[in-house]
Amino acid sequence: QVQLVESGGGLVQPGGSLRLSCRAPASIFSIYAMNWYRQAPGKQRELVAGIFSGGSTQYTDSVKGRFTISRDNAKNTVYLQMNSLKPEDTAVYFCNAKKYDGIRSSWYDYWGQGTQVTVSS
């Protein structure tokens, strides 16, 4: 199975910064859209940020202006720079690669193992 490799999570104080990284196989990275999701206990998993292969991006409203998603094609790596972190950002963050197969009408997803981000004093 394809395994996405994540790193960068940890404990940080409110107002601090973290940078998450996710490396994917080149065959996946070049075709799939890359996304960051997060899930807090008792809540549904939500899309935080996404970036298409062409470079266009999207963000959930709660992180706009604070988080930045980017990709380095030479390194097959996607990043999530998180600034001005708040306690509400505490969650497990998952890297995701997504592609839609129009012939089979199916979505194909690959996921990382998740990395814990805790924002607390």
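Just so you know, residue 1 is the first one in the sequence shown, and it goes up from there.
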- [ ] Say whether, by atom type as modelled, one donor and one acceptor occur between the side chain of Glu6 and the main chain of Gly114 under 3.5 angstrom.
- [x] yes
Task: Sidechain-backbone polar pair: Thr90 side chain, Val119 backbone, donor-acceptor under 3.5 Å - done: yes
Let me have the donor-acceptor pairs involving side chains of residues 27-37, under 3.5 Å, with sequence neighbours excluded, atom names and distances please.
from	atom 1	to	atom 2	distance (Å)
Ser30	OG	Ala26	O	3.1
Asn35	ND2	Asn96	OD1	2.8

Identify the two heavy atoms, one from [X] and one from [Y], that lie closest to each other, and give their separation to 0.1 Å.
| X | Y | answer |
| --- | --- | --- |
| Leu4 | Cys22 | CB-SG, 3.9 Å |
| Phe94 | Gln113 | CE2-O, 3.7 Å |
| Asn83 | Ser17 | OD1-OG, 2.9 Å |

Open item on the list: Could you walk me through whether Ile69 and Val78 satisfy the side-chain contact (heavy atoms from CB on, under 4.5 Å) test, starting with their C-alpha distance in whole Å, then the side-chain angles of each, then the deciding distance to 0.1 Å, before giving a yes or no?
Closed with: CA-CA 7 Å; Ile69 188 171; Val78 62; 3.8 Å; yes
Open item on the list: Quick check: is Val92 connected to Phe67 through a chain of hydrophobic side chains (ILVMFWY, heavy atoms under 4.5 Å apart)?
Closed with: no
Open item on the list: According to a hydrophobic-cluster definition based on side-chain heavy atoms being under 4.5 Å apart (Ile, Leu, Val, Met, Phe, Trp, Tyr only), do Val12 and Tyr93 belong together?
Closed with: yes
Using a cut-off of 6.0 Å, state whether more than 12 heavy atoms not belonging to [X] lie near its atom [atom1].
| X | atom1 | answer |
| --- | --- | --- |
| Arg66 | CZ | yes |
| Tyr108 | OH | yes |
| Lys99 | NZ | yes |

- [ ] Before accepting this row, confirm whether a basic side-chain N of the pair Lys64/Asp61 lies closer than 4.0 Å to the acidic partner's carboxylate O.
- [x] yes
Open item on the list: Contact between Tyr59 and Ile51 at the side-chain level, heavy atoms closer than 4.5 Å - yes or no?
Closed with: no
Task: Value rounded to 0.5 Å, distance of OG in Ser7 from CZ in Arg23 - done: 9.0 Å
Task: Distance (rounded to the nearest 0.5 Å) between Thr77 OG1 and Tyr79 OH - done: 4.5 Å
- [ ] Could you go through the side-chain contact (heavy atoms from CB on, under 4.5 Å) check for Arg38 and Val117 one step at a time?
- [x] CA-CA 9 Å; Arg38 68 185 180 187; Val117 172; over 6 Å; no
Open item on the list: Evaluate Asp89 against Met82 for side-chain contact (heavy atoms from CB on, under 4.5 Å), listing each step before the verdict.
Closed with: CA-CA 10 Å; Asp89 296 317; Met82 304 185 294; over 6 Å; no
